[in-house]
Every structure is written in C-alpha cells, then in structure tokens.
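None of these values were measured; they are calculated from a predicted model.
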Amino acid sequence: MNIISTYSHPISVVLLTYNSAAHLPRCLDSLKHQTYQNYEIILIDNDSKDKSLEIAKEYQQQLNLRIIKQKQNTGFACANNLGAKLAQGKWLVLLNTDAFPNPNWLEKLLLAAEKYPEYSAFSSRQLSADEPEILDGAGDAYHISGMAWRRYIGYPALKYGQQTREVFTPCAAAAMYRRDAFLEAGGFDEGYFAYYEDVDLGFRLRLLGYRTLYVSDAIVSHVGSSTFGKRSDFAFYHSHRNLIWTFIKNMPDELLWRYFAAHILANLIYLLVYTLRPQGVAIWQGKIDAIRNVKPMLEKRKEIQAHRRASTEEIDKALERGLLQPYTLGLQLRQAWKKHSH
C-alpha cells in the first residue's frame, strides 16, 4: 500500500464512549487485530457512568490509544468534532463502539481511497451483529423530501449491497473521511446532538464537491442504537427535528423550492401516522422545536450556500426521487426477502 508517509499515523480512529462497557472490549479487540496497524485511536468519553473508562485504560498498553474524558455528555456531534481536531492523520475514521470491524477493514478502506482518489469519504458495509446474514446498511440515501435512510437495511446480505458504488453520504457508524475535507465542511453540527448529523455533514461535503464511495468489502458488524434504542422518544425527537434542519440548511435554492411540497408532505405523513402512537409526543415536539429554532439554521444556510462548489444538477442527480419511496421501505424489504427465499 502506497500510504502517504508525511503522517506519523495516516489514520486517526475516533471512538466515542458513553456507557459503552458492554461492547467496548469487542470493538477494541477488533481494532487490535487489524491487518493495517499504522493508526492512532482517540477515545472521547462522554462522562460514562459504567466501566467504559476502566476498560479503555486496560487497552492503552496494547493500542496507540489516547483517552479524553469529558465532564458531561456533549453528544455524538460535539465529541466526534473534538476527536477530529485532536487527530493527526490524513484520514479520519469514525467508528461506533458497537461496531466490530473485520480484520482487513482499515486496509480495505485505504485501498479504496488509493484506487478511487476522486472520493473523499468512504462508507462501510454494515452487517447486523446478531444476524450476520442481514445487512445493517450500505451507505446512506437522501430523498427529495429530506428523508434519509441506510441503503438495504434489513435486506439479505448475500444478495444486496455487494457492489462498490457512489452513495449520497457515509453512515458515520463506520466511515472514513479525508480529515481536511471534514474540517473544511465544519464537522458535525453540534446543535444536532445526535441523529442525522452524519447525513447533514455528508450533504455539506457534497455541496463542496466532495463525494462518498460505499466500499462493499470494508465490513463491520454493527449492533445499532445500543445507546438510546431504535424507537425511543430520544431517537424520534432528534431524528424528526434534525431532518428538517438538514433540508433547510443544505438544499440549494432551486431544489429547495422544487421539493418543498414533498418535504412538507413527508413531515405531515409522519405526524399523522405517529400522533396516536407512543412516539407521537416526541415527534410533535421535534417538529415544533425545528420550526421554533429555524432562524439559526437559515443563518447557517447562507454560509453553506455561499461556499457551494457543486452544481445544482450534480446535487439533484444524487437524490432519491421515488414519490412513495420513503413510505414503502418496509414493503420493499418484504419483497426483497420474498425474492431471496425463492
């Protein structure tokens, strides 16, 4: 591998811990056994109350591991931004502590970066840690409505996500970014706290002309939502607030007005579907807070759009546009399994 030698550690891996003791040993063991070893690890602890710190310290002799303890839980976005600023590598690798890489994961990401120098961000093939025959994602897709999802999540792994290809954004559970591009884009929006922050960052990178490649042979096993839960009020609130902010901040002017009706419709549909369900209050509060705090997002929008280098056509081409696509993901999943079983 012809890795640039001007960096003492070409890769900086950032790990965020917050009560991560259940998964951290397996994650660190997976990093310890990588075929590519020239990397540093920056572990940011968001004031864990369990034994995360003690476990991390046990691995310091075995890994090039630096531990930063925060005095409070600053959220996914803020903690990873801190890690990015402290990192010294050309490549910034983000990895969730409940994601367990295959031994050649870092090597495959670096090989992809060398083979495809036109790309500046790379997304991994994520398998379900509990059911490895099921995909947990193959890069992120972004719809004209502002909805985003992990491609092929829940699909049979043997049949889907097998091809390396361009995607809209990487899933930050296991992703690699050119560090200078990450910092130029401003890193994660710390006002998001958690959820949609990787989609928002990926959109801003794309507006600057940076592109994302899904690397099908860079594989991790991912537990997913082990901190807050997939259907928790926390997840629903932040997801539904942040998806509005992402659309408002990043969609170029012409596309903002072209797809504004689709954005409004998507938000109304989710409000109608969930109002009488347990997550109804969280979704309503998320939408209300998104609108209540829209002014700072409009200010950020001015800055983001002023520095845009990608054309409107380039952004439009990268969007998913099926009219019912965000609402039929479950149906598509069932059809995929039906096809697979035959």
Side-chain angles (χ1 to χ4, degrees), residues 11-18 20 23 27 30-31 41-44 46 74-87 89 91-101 105-106 109 112-113 119-127 129 135-142 148-151 153 166-179 181-206 208 210-215 218-228 230 235 238-239 242-243 245-246 249-250:
I11 288 180
S12 296
V13 179
V14 177
L15 289 179
L16 165 62
T17 52
Y18 177 67
S20 307
H23 302 300
C27 179
S30 297
L31 287 172
I41 301 174
I42 300 168
L43 187 147
I44 311 290
N46 260 349
T74 60
F76 180 93
C78 185
N80 276 293
N81 282 351
L82 174 59
K85 289 170 187 171
L86 295 172
W91 295 104
L92 182 68
V93 170
L94 303 186
L95 181 67
N96 282 8
T97 51
D98 65 347
F100 318 121
W105 177 61
L106 288 176
L109 288 174
Y119 291 94
S120 302
F122 299 87
S123 196
S124 305
R125 176 176 172 84
Q126 297 173 200
L127 304 178
L135 272 172
D136 185 63
D140 286 352
Y142 192 81
W149 58 85
R150 294 208 295 273
R151 297 171 59 249
I153 185 169
E166 184 167 355
V167 293
F168 193 80
T169 60
C171 173
M176 184 171 81
Y177 303 84
R178 236 178 61 196
R179 180 173 173 268
F182 181 98
L183 294 175
E184 182 188 356
F188 295 119
D189 187 326
E190 296 181 7
Y192 279 39
F193 193 83
Y195 293 97
Y196 258 80
E197 67 286 288
D198 52 352
V199 176
D200 171 62
L201 171 62
F203 204 148
R204 283 184 278 117
L205 285 167
R206 187 168 281 277
L208 289 170
Y210 299 116
R211 296 158 61 195
T212 297
L213 186 73
Y214 161 67
V215 185
I219 301 170
V220 300
S221 298
H222 186 218
V223 175
S225 298
S226 61
T227 303
F228 298 112
K230 291 181 180 179
H238 285 86
S239 296
N242 295 349
L243 78 86
W245 286 352
T246 299
K249 284 165 50 183
N250 298 310

Between [X] and [Y] (side chain of the first, backbone of the second, donor and acceptor by atom type, cut-off under 3.5 Å), is there such a pair?
X: Arg150; Y: Asp136; value: yes
X: Ser12; Y: Gly89; value: yes
X: Arg151; Y: Gly139; value: no
X: Arg179; Y: Ala84; value: yes
X: Ser123; Y: Cys171; value: yes
X: Arg125; Y: Tyr214; value: no
X: Asn242; Y: Ala194; value: yes
X: Asn46; Y: Gly75; value: yes

- Check the pair Ile44 / Asn80 against side chain to side chain contact (heavy atoms under 4.5 Å, CB included), numbers first and verdict last. CA-CA 8 Å; Ile44 311 290; Asn80 276 293; over 6 Å; no
If you define the side chain from C-beta out and look only at heavy atoms, does anything of [X] sit under 4.5 Å from [Y]?
X: Leu135; Y: Leu127; result: yes
X: Leu205; Y: Thr212; result: no
X: Leu201; Y: Thr169; result: no

Considering all heavy atoms, the nearest [X]-[Y] contact:
X: Leu95; Y: Leu15; result: O-CD2, 3.1 Å
X: Tyr119; Y: Arg211; result: OH-NH2, 3.1 Å
X: Trp105; Y: Ala174; result: CZ2-CB, 3.9 Å
X: Leu109; Y: Met176; result: O-CE, 3.4 Å
X: Ile42; Y: Leu86; result: CD1-C, 3.8 Å
X: Leu92; Y: Ala87; result: CD1-CB, 4.0 Å

- Message: Just to verify, which of Ser30, Ser124, Ser221 counts as forming a side-chain contact (heavy atoms from CB on, under 4.5 Å) with Pro101?
- Response: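 So the option named by the test is Ser30.
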- For Arg178 and Glu184, what are the C-alpha separation, side-chain angles and deciding distance, and is it a salt bridge (charged side-chain N to carboxylate O under 4.0 Å, His left out)? CA-CA 10 Å; Arg178 236 178 61 196; Glu184 182 188 356; 5.8 Å; no
Which value, rounded to the nearest 0.5 Å, describes the distance between [X] atom [atom1] and [Y] atom [atom2]?
X: Ser120; Y: Leu208; atom1: OG; atom2: CG; result: 10.0 Å
X: Asn250; Y: Arg206; atom1: CG; atom2: CZ; result: 12.0 Å
X: Leu106; Y: Ile11; atom1: CG; atom2: CD1; result: 4.5 Å

So [X] and [Y], would you call those rings parallel, tilted or perpendicular, with 30° and 60° as cut-offs?
X: Phe168; Y: Phe203; answer: perpendicular
X: Trp245; Y: Tyr192; answer: tilted
X: Phe122; Y: Trp91; answer: perpendicular

- Message: I need the single residue from Phe193, Phe188, Tyr196, Tyr18 that forms a ring-ring contact (aromatic ring centres under 6.0 Å, His included) with Phe76. Which is it?
- Response: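 Only match with Phe76 under ring-ring contact (aromatic ring centres under 6.0 Å, His included): Phe188.
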- Task: Just do the side chain to side chain contact (heavy atoms under 4.5 Å, CB included) check on Trp149 and Val199 with the steps written out, would you?
- Result: CA-CA 9 Å; Trp149 58 85; Val199 176; over 6 Å; no
- Item | Residues Asp189 and Lys249 bridged, charged N to O under 4.0 Å |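 Judged by the 4.0 Å cut-off on N to carboxylate O distance, Asp189 and Lys249 do form a salt bridge.
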